[in-house]
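What follows is a set of notes on a single structure, which appears directly below.
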Amino acid sequence: MAAKTELGSQTVQELLGKGKGEQVPEKYIHKIGAPNASSAQLMDIPVIDLGLLLTPSSITAKQLEKLRSALTTWGCFQVINHGMTPEFLDEVREMTKQFFALPVEEKQKYLRQVNDIQGYGNDMVFSEQQTLDWSDRLYLSVYPEEHRKLKFWPQNLKSFSETLDQYTTKLQVVTKTVLEAMARSLNLDVNCFRDLYGEQGKMDVRFNFYPPCSRPDVVLGVKPHADGTIITLLLQDKQVEGLQFLKDDQWFRAPIVPEALLINVGDQAEILSNGIFKSPVHRVVTNPDKERISLAAFCIPESDKDIEPFESLVNESTPRLYKKVKNYVGIYFEYYQQGRRPIEAAKI
């Protein structure tokens with residue numbers, strides 16, 4: 001029993017450092033629904049110019065239709081012209097790599113505590129049956145600022161705090177713009193998604209590191225799930241693919257657009273839109289030869305806000321599909337680790 005618990009709390013990098021990575025431990029192996037990653041086709045998701053969504057005068061019906069179509073079919077899109085230079089995005093990627101390249105004992109200073117999501121580590125283990133993800137993470141709350149636990153912010157990486165601050169400040173602008181455009185695309189009041197995200201909208205970031213894995217046929221970097229957010233903004237690795245989305249029971253590879261952010265809607269946007277926007281199920285596959293990094297930012301409505309379909313989207317021909325929920329993220333993680341979708345609990 002003790003050994004199993006220890007495996008869950010050990011990072012993959014430590015496992016590999018101890019020479020246990022060649023023989024992948026049982027806890028990481030998917031016995032049902034093996035990845036079969038090599039057969040996935042490339043997704044055809046739109047690239048949207050954020051500059052064209054910035055002001056009411058620049059937004060065209062064509063742009064809004066492109067956005068709506070992306071979010072009703074794939075549930076995601078790539079965004080360019082988001083106010084950050086390719087050089088700055090490379091700086092953010094480099095900072096991610098530098099953290100995971102620190103010596104083990106240095107990273108352990110930032111280890112998350114049991115039952116706390118913030119800090120360095122990997123899966124929270126809720127059951128002995130849980131299949132673990134082949135990835136290590138650094139999870140930090142960034143907004144509201146009083147949620148920051150600075151003891152988990154790496155002190156010995158030059159300008160880490162400053163770069164993360166700069167990056168997430170820009171992301172808040174991108175988030176506001178995208179939430180307004182989502183509302184316009186549904187002919188809703190422009191502030192309806194934004195107001196639920198709130199002035200104190202919660203933004204958490206997760207730095208992800210996926211070491212090479214000798215068994216990509218049966219091991220996943222992240223198990224299939226949909227996000228519990230309103231939207232998620234992802235900076236992908238510049239060279240190594242790994243992210244895949246599920247559509248019509250088939251897995252598709254997300255293309256790399258180095259200067260873009262990949263944005264997907266989460267379960268809370270699906271509920272608010274009464275199922276018009278689709279919160280996509282996605283996963284990360286492993287690579288036998290190459291390591292991969294990414295940085296996800298999760299935008300989460302204030303936990304005391306009621307999340308339910310907007311009234312104007314409910315009528316006789318489109319009945320209400322979801323119940324009212326509150327603190328959705330509270331139930332999210334437990335469902336995720338069991339490989340279940342919490343949105344099922346919200347369906348009528």
Side-chain angles (χ1 to χ4, degrees), residues 4-5 7-13 15-16 21 24-40 43 74-76 112 117 120-139 204 206-229 232 234 236-237 240-254 262 264-267 270 278-288 291-296 298 328-329 331-345:
K4 285 183 175 178
T5 311
L7 180 63
S9 60
Q10 198 176 35
T11 63
V12 179
Q13 280 183 297
L15 202 70
L16 293 168
V24 174
E26 197 71 11
K27 275 287 186 187
Y28 292 91
I29 291 174
H30 286 261
K31 296 168 189 67
I32 304 162
N36 190 18
S38 52
S39 62
M43 292 167 77
W74 290 107
C76 61
R112 67 170 180 79
I117 193 166
Y120 167 63
N122 56 6
D123 281 0
M124 284 179 154
V125 179
F126 287 110
S127 88
E128 289 297 312
Q129 284 69 50
Q130 196 174 310
T131 306
L132 301 181
D133 292 340
W134 192 262
S135 57
D136 295 336
R137 302 143 189 183
L138 174 66
Y139 195 108
D204 291 353
R206 196 177 75 197
F207 296 84
N208 303 303
F209 180 74
Y210 305 96
C213 179
S214 60
R215 294 296 310 276
D217 55 325
V218 289
V219 176
L220 285 168
V222 178
K223 61 181 73 65
H225 68 287
D227 293 343
T229 57
T232 302
L234 182 76
Q236 292 204 80
D237 192 294
V240 185
E241 275 185 21
L243 178 64
Q244 298 189 346
F245 285 86
L246 187 67
K247 184 173 182 285
D248 303 327
D249 295 324
Q250 261 189 301
W251 288 104
F252 290 85
R253 290 159 27 230
L262 190 146
N264 64 270
V265 290
D267 289 355
E270 179 169 328
K278 301 289 185 280
S279 173
V281 171
H282 49 288
R283 68 181 186 181
V284 176
V285 298
T286 49
N287 189 299
E291 60 185 42
R292 178 177 177 270
I293 55 103
S294 67
L295 173 54
F298 304 111
Y328 187 81
V329 170
I331 60 162
Y332 177 80
F333 285 102
E334 199 150 344
Y335 272 83
Y336 164 69
Q337 299 300 5
Q338 294 165 5
R340 293 160 64 206
R341 286 202 67 184
I343 202 166
E344 297 303 322

Next on the checklist: Test side-chain contact (heavy atoms from CB on, under 4.5 Å) on Tyr28 and Val12; report intermediate values, then the result.
Outcome noted: CA-CA 10 Å; Tyr28 292 91; Val12 179; 4.0 Å; yes
Checklist entry - Where do Cys76 and Met43 land on the side-chain contact (heavy atoms from CB on, under 4.5 Å) test, with the steps shown first? => result CA-CA 11 Å; Cys76 61; Met43 292 167 77; 3.6 Å; yes
Item to check | Worked verdict on Gln13 versus Phe209 for side-chain contact (heavy atoms from CB on, under 4.5 Å) | outcome: CA-CA 9 Å; Gln13 280 183 297; Phe209 180 74; 3.5 Å; yes
Checklist entry - What's the verdict on side-chain contact (heavy atoms from CB on, under 4.5 Å) for Leu234 and Asn264, showing C-alpha distance, side-chain angles and the deciding distance? => result CA-CA 8 Å; Leu234 182 76; Asn264 64 270; 5.7 Å; no
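For the pair Thr286 (side chain) and Val219 (backbone), a donor-acceptor distance under 3.5 Å is present. Formation of a donor-acceptor pair under 3.5 Å by the Asn287 side chain with backbone atoms of Arg292 is not found in this model. Using modelled atom types, no side-chain atom of Trp134 and backbone atom of Val285 make a donor-acceptor pair closer than 3.5 Å. A donor-acceptor pair under 3.5 Å is absent between the side-chain atoms of Ser294 and the main chain of Asn208, judged by distance alone. The main-chain N or O of Ala296 is never found under 3.5 Å from a side-chain atom of Arg206 such that the two would form a donor-acceptor pair. Between the Tyr120 side chain and the Asp136 main chain, no donor and acceptor come within less than 3.5 Å of each other. In this structure a side-chain-to-backbone donor-acceptor pair under 3.5 Å is present from Asp133 to Lys223.
Put simply, CZ on Arg341 and OG on Ser279 are 5.0 Å apart, with the number rounded to the nearest 0.5 Å. To the nearest 0.5 Å, the span separating CZ on Arg137 from CZ on Phe207 amounts to 14.5 Å. Note that the NE2 atom of His30 and the CG atom of Leu220 stand 4.0 Å from one another [nearest 0.5 Å]. To the nearest 0.5 angstrom, Trp74 atom CH2 is 11.5 Å from Leu262 atom CG. The distance from the CG atom of Leu246 to the CZ atom of Arg283 is 8.0 Å, given to the nearest 0.5 Å. For the atom pair CG of Asn122 and CG of Leu132, the computed distance is 6.5 Å after rounding to the nearest 0.5 Å.
Closest non-hydrogen pair, Ala40 versus Trp251, comes out as CB-O, 3.4 Å. Taking every heavy atom of both residues into account, Pro216 and Pro288 meet most closely at CG-CD, 4.0 Å. Pairing each heavy atom of Arg253 with each of Glu241, the nearest pair is NE-OE1, 2.8 Å. Taking every heavy atom of both residues into account, Leu16 and Pro212 meet most closely at CD1-O, 4.4 Å.
Inter-residue side-chain proximity for Arg112 and Tyr139 is flagged as unmet; no heavy-atom pair is nearer than 4.5 Å. Annotation: side chain of Glu291 is not in contact with side chain of Pro211 (no heavy-atom distance under 4.5 Å). You'll find the side chain of Pro25 reaches within 4.5 Å of the side chain of Leu15, heavy atoms only.
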